[in-house]
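Worksheet for the structure shown next.
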Amino acid sequence: MTSRPNLTRTIPILPVAAIADGATIQARSTSGRFTRWRWALVWLTQLAYYGTPWLSFNGRQAVLFDLQADRFFLFGAVLYPQDLIYLAGLLVLSALLLFFVTTLAGRLWCGFACPQTVYTQLFQWIEHRFEGDRQARLRLDRSPWTAHKLARRGGKHLAWALLALWTGFTLVGYFTPIRDLALAVPGQLGPWEAFWVLFYGLATYGNAGFLRESVCQHMCPYGRFQGSLMDANTLYVAYDERRGEPRASRPRGSDPGQQGSGACVDCTLCVQVCPVGIDIRQGLQAACISCGLCIDACNKVMDQMRAPRGLIRMASERERSGPQTQGLGWRGHFARRRVQVYGGLLLLGTGLLVASFAERPTLRVNALRDRGVLTRQIEHGAVENVYRLQVMNALERPRDLRIRVYGIDGLQLTSDDTLHLPPAGAAQHSVTVRVDAAQAQALAGRVVPIWFGVGDVEASAAVVELAETRSTLLLPR
Ligand code: SF4
Ligand code: SF4
């Protein structure tokens, strides 16, 4: 008899240690809806990754993180280190999106878009091309080292190495103009570029070629806390044990009920295709990355047995444990409070981030005191302080700027108050601020706040779009 469903806030997940046996996993390939989705995501993410640095915008690389110049170019937007707050916002939104998706449908990120999974899938595809499917690879594993084995293994590793190096090269191409990098590759790469191409290439080679699912099982923290994000209504890849058990083989098209068996024919195909080498029939496990390949494999078996599909399917704990019709449907899933809270925060956060990014300043200024000349008295009792202004142009056009100083009466700039900045350029500009004798006497011995403003000088000579920064004025006794 089916026990009463446990619909607590989180659902039980078998720990990794219970299923990992350390053996090399040779997953069998399969086909079906989830396999197609996985390849669609591989194409989408990898076209974006490998293709983006080759795009141009306004005559320069569209996405370039120029660390040497402290400038980031993003399709015409020029960002400075002060804009890293947007990156922080993006990371917060990414975490919220992960929570939202996990609450809805478990580890979809892991199975479909995580770089570890995606590169493992690409490396496995290469392996399949050189060494064949699961049985052929197992045979090759056991066979002695012959010229045939050497050629297949060598070809695979060469292809892996090339893909890994291309991946490393592409990563560096986000930080150094990729066309210059490509011209330098034959042997003129700088030491840092060469280091990062090799380092990231090696990391890709090791992670996707050898470590594979071990990274998900033993290094990634997400698998460990996924349970706290899931509840009884969260969809995950689940085996329908009420329909499948007891397992037994049977003739095609036969009715399992008449034989006293369940729908599962114990073919183990769902285990053979699993990239992390687990048996989903034992229940949800921390190592399961929700790739859905076992669903594809089992659906094919059910088709061959002329039985209904869905012995393994996306199902919630409520659906598995309660009456068969208790699934919420997609509308019901989005109506759940937890999903709505994450979704609402996601929408709100996205709106705020987009609005603040659109309104970000296109001119920035910082004032630094000149440490060599803190304050000096000049003729007739006037006092001068010297500053260095760092002015940053976040537009892709040159700008003529004027500097102003204000905060107390009697202030004036005695140095050049004009500045020309090239497109997306930054400059340090030394300025001298003088306070007249009467004010210097009235404020003697005090440190008073002042402000520097920098604005565009338009054709009408008006100064517009002021960027402002605060500093202090030292007045000797
Ligand atoms: S159990 Fe199924 S969904 Fe989970 S990792 Fe294995 S094949 Fe993918
Ligand atoms: S693929 Fe389906 S029928 Fe075959 S062992 Fe797995 S659950 Fe049973």
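Both ligands and their constituent atoms are indexed starting at 1 by order of listing.
Salt-bridge formation is detected for the pair D303/R309: a Lys NZ or Arg NE/NH1/NH2 atom is positioned less than 4.0 Å from an Asp or Glu carboxylate oxygen. Looking at R153 and D141, a side-chain N of the basic residue comes within less than 4.0 Å of a carboxylate O on the acidic one, giving a salt bridge. Classification of E131 and K156 as a salt-bridged pair holds, one side-chain N sitting under 4.0 Å from a carboxylate O. Taking 4.0 Å as the cut-off between side-chain N and carboxylate O, D83 and R364 count as a salt-bridged pair. The pair R212-E127 counts as a salt bridge, with a side-chain nitrogen and a carboxylate oxygen less than 4.0 angstrom apart.
Contact annotation for D266 and ligand 2: only backbone heavy atoms (N, CA, C, O) come within less than 4.0 Å of the ligand. In R247, neither the side chain nor the backbone holds a heavy atom less than 4.0 Å from any atom of ligand 2.
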Intermediate values then yes/no, side chain to side chain contact (heavy atoms under 4.5 Å, CB included), S316 and T234: CA-CA 5 Å; S316 67; T234 299; 5.9 Å; no
Side chain to side chain contact (heavy atoms under 4.5 Å, CB included) evaluation trace for R36 with D296: CA-CA 10 Å; R36 285 196 296 277; D296 281 346; over 6 Å; no
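Looking only at side-chain heavy atoms (C-beta outward), E193 and L198 stay at 4.5 Å or farther from each other. Here the side chains of F210 and W160 are in contact, with some heavy-atom distance below 4.5 Å.
Protein N/O/S atoms nearer than 2.8 Å to atom 2 (Fe) of ligand 1 total 1.
Protein heavy atom in closest approach to atom 3 (S) of ligand 2: V265 N, 3.5 Å. For atom 4 (Fe) of ligand 2, the closest non-hydrogen atom of the protein is C267 SG, 2.3 Å.
If you number the atoms of ligand 2 from 1 as listed, the ones under 4.0 Å from a heavy atom of R281 come out as 5 (S), 7 (S). The C298 neighbourhood of ligand 2 comprises atoms 1 (S), 2 (Fe), 7 (S), with distances under 4.0 Å to a heavy atom of that residue.
At a cut-off of 2.8 Å, C264 is not counted among the residues with an N, O or S atom near atom 2 (Fe) of ligand 2.
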